[in-house]
Asker: 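Okay, here's the structure, questions in a sec.
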Amino acid sequence: MNLINTIDEAIYNLIIKLMTINTTAIMIFISFLGSAVALITLTIGFVLLLKNKRDSKYIAINLTLVFVLNRIIKTIIARPRPQILRLVQEDGYSFPSGHSMVSMGFYGFLIYLIFKNIQNKKLKYPLIIFLSILILLIGISRIYLGVHYFTDVIGGFIIAIIYLIVFIKFIYQN
């Protein structure tokens, strides 16, 4: 546990060196893109606008499942949030980071759908790169804002990747 604390502290100390009023505003916005409000709004948009109703249904199911899985793991682990400078207020447990895990699950599934369905490489790869960077920035924003440890974010990413592999394999097994 001491090694984990040392890593968490070292990463936080690196990230807070970026702290400015403008960076904080950007990080709050990026963090919002991983929030329940943003992800539910995007899901509703996909359900209403996507022509492929099967994929839009899976987007909604995916968001629900990854959110529930995150809540279950948080309850089991029950790791307290950092007691450092918090730039936003959050309740609940720290591990795994919900924003990081759910964003990886949600945007990661979109990356899969883009890779699978978009043929235009000039659109496909920029979208995949953009969403990949967004996922990474959402994780960084949670550390920057003082509501998660680095290991919460990495744990959320890893759990979501494993979850996505299982989810995609299960829904597209036919």
Asker: Is the shortest side-chain heavy-atom distance between Ile171 and Phe109 below 4.5 Å?
Answerer: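 Heavy-atom side-chain distance check passes, below 4.5 Å.
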Asker: With rounding to the nearest 0.5 angstrom, report the OG to CD1 distance, Ser100 to Ile159.
Answerer: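 With rounding to 0.5 Å, OG (Ser100) is 10.5 Å from CD1 (Ile159).
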Asker: Is there a side-chain contact between His99 and Glu90 in this structure, where contact means two heavy atoms from C-beta onward sitting under 4.5 Å apart?
Answerer: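 Of all side-chain heavy-atom pairs linking Glu90 with His99, at least one is under 4.5 Å.
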Asker: Could you tell me the separation between the NE2 atom of His148 and the CG atom of Asp8, rounded to the nearest 0.5 Å?
Answerer: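 The distance works out to 12.0 Å.
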Asker: Heavy atoms only: give me the nearest Tyr172-Arg54 pair and the separation to one decimal.
Answerer: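 Taking Tyr172 first and Arg54 second, the nearest heavy atoms are CD2-NH2, 4.0 Å.
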Asker: Do Ile165 and Ile168 touch side chain to side chain, with heavy atoms closer than 4.5 Å?
Answerer: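 No; the side chains remain at least 4.5 Å from each other.
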Asker: Determine the minimum heavy-atom distance between Leu39 and Leu33, stating which atoms define it.
Answerer: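 Heavy-atom minimum between the residues: CD2-O, 3.6 Å.
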Asker: Quick check: closest heavy atoms across Gly34 and Ser103, and the distance to 0.1 Å?
Answerer: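 So the minimum-distance heavy-atom pair works out to CA-OG, 3.2 Å.
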Asker: Any side-chain heavy-atom pair from Asn5 and Tyr149 closer than 4.5 angstrom?
Answerer: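 Contact flag for Asn5/Tyr149 side chains = no.
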Asker: Can you measure from CD1 (Ile30) to CG (Leu136) and round to the nearest 0.5 angstrom?
Answerer: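 If we round to the nearest 0.5 Å, Ile30:CD1 and Leu136:CG are 10.0 Å apart.
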Asker: Do Val47 and Ile114 sit in one hydrophobic cluster, given that two such residues count as connected whenever their side-chain heavy atoms are within less than 4.5 Å of each other, even indirectly?
Answerer: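 As far as the 4.5 Å side-chain criterion goes, Ile114 and Val47 are not connected within one cluster.
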Asker: Ignoring hydrogens and angles, tell me if any N or O in the side chain of Thr23 forms a donor-acceptor pair with the backbone of Met19 under 3.5 Å.
Answerer: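 It does not hold such a pair.
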Asker: Would you say the rings of Tyr112 and Tyr58 are close, in the sense that their centroids are separated by under 6.0 Å?
Answerer: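 Distance test on ring centres: not under 6.0 Å, no.
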Asker: Looking only at side chains, do Asn117 and Asp55 share a donor and an acceptor under 3.5 Å apart?
Answerer: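 Yes.
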Asker: For side-chain contact (heavy atoms from CB on, under 4.5 Å), just list the numbers for Ile16 and Ile84, CA-CA rounded to whole Å, side-chain angles, deciding distance to a tenth of an Å, and then say yes or no.
Answerer: CA-CA 11 Å; Ile16 63 166; Ile84 51 182; over 6 Å; no
Asker: Does any part of the side chain of Leu164, heavy atoms only, come nearer than 4.5 Å to the side chain of Asn62, both counted from C-beta?
Answerer: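 In contact.
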Asker: Is it the case that one hydrophobic cluster holds both Val66 and Leu134, taking links as side-chain heavy atoms less than 4.5 Å apart, direct or via other members?
Answerer: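 In one cluster: yes.
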Asker: Can you tell me if Tyr12 uses its side chain to pair, donor with acceptor, with the backbone of Ile143 under 3.5 Å?
Answerer: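 No; zero donor-acceptor contacts below 3.5 Å.
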Asker: Inspect the surroundings of CD1 in Ile21 and state if more than 12 heavy atoms from other residues, nucleotides or ligands are less than 6.0 Å away.
Answerer: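 Incorrect, the count does not exceed 12.
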Asker: Restricting to non-hydrogen atoms, name the atom on Ile135 and the atom on Ile111 that form the minimum distance, rounded to 0.1 Å.
Answerer: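 Closest approach of Ile135 to Ile111: CD1-CD1, 4.0 Å.
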Asker: Could you walk me through whether Ile15 and Ile11 satisfy the side-chain contact (heavy atoms from CB on, under 4.5 Å) test, starting with their C-alpha distance in whole Å, then the side-chain angles of each, then the deciding distance to 0.1 Å, before giving a yes or no?
Answerer: CA-CA 6 Å; Ile15 289 177; Ile11 299 296; 3.8 Å; yes
Asker: Please check if the number of heavy atoms outside Lys122 that lie under 6.0 Å from its NZ is greater than 12.
Answerer: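 Counting other residues, nucleotides and ligands, NZ of Lys122 stays at 12 neighbours or fewer.
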Asker: So, taking the atom named CG in Leu49 and the one named CG in Leu42, what distance separates them when rounded to the nearest 0.5 Å?
Answerer: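 Interatomic distance, Leu49 CG to Leu42 CG, rounded to 0.5 Å: 10.5 Å.
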Asker: Run the salt-bridge test on Asp152 and Arg142 with the 4.0 Å N-O cut-off and return the result as yes or no.
Answerer: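 Salt bridge flag = no for Arg142 with Asp152.
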Asker: Nearest 0.5 angstrom please: Ile40 CD1 to Phe67 CZ, how far?
Answerer: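 Ile40 atom CD1 to Phe67 atom CZ measures 7.5 Å (nearest 0.5 Å).
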Asker: I would like to know whether Tyr107 and Ile138 meet side-chain contact (heavy atoms from CB on, under 4.5 Å); could you show each step before the answer?
Answerer: CA-CA 11 Å; Tyr107 293 118; Ile138 288 169; 3.8 Å; yes
Asker: Taking Val166 as the starting point, is it possible to reach Phe106 by hopping between hydrophobic residues whose side chains are less than 4.5 Å apart?
Answerer: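 Looking at the clustering, Val166 is in a separate group from Phe106.
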Asker: So, for Met27 and Leu145, which heavy atoms are closest and what is the spacing to 0.1 Å?
Answerer: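 That closest heavy-atom pairing would be O-CD1, 3.9 Å.
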Asker: Nearest heavy-atom pair of Phe95 and Thr151: which atoms, and what distance?
Answerer: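 Closest approach of Phe95 to Thr151, heavy atoms only: CE1-O, 3.4 Å.
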Asker: Can you list the steps and then say if Ile59 with Leu63 is a side-chain contact (heavy atoms from CB on, under 4.5 Å)?
Answerer: CA-CA 6 Å; Ile59 290 170; Leu63 180 61; 5.8 Å; no
Asker: Would you call Tyr93 and Ile77 a side-chain contact if the rule is heavy atoms closer than 4.5 Å?
Answerer: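 The answer is no, as the side chains (C-beta and beyond) never meet within the 4.5 Å cut-off.
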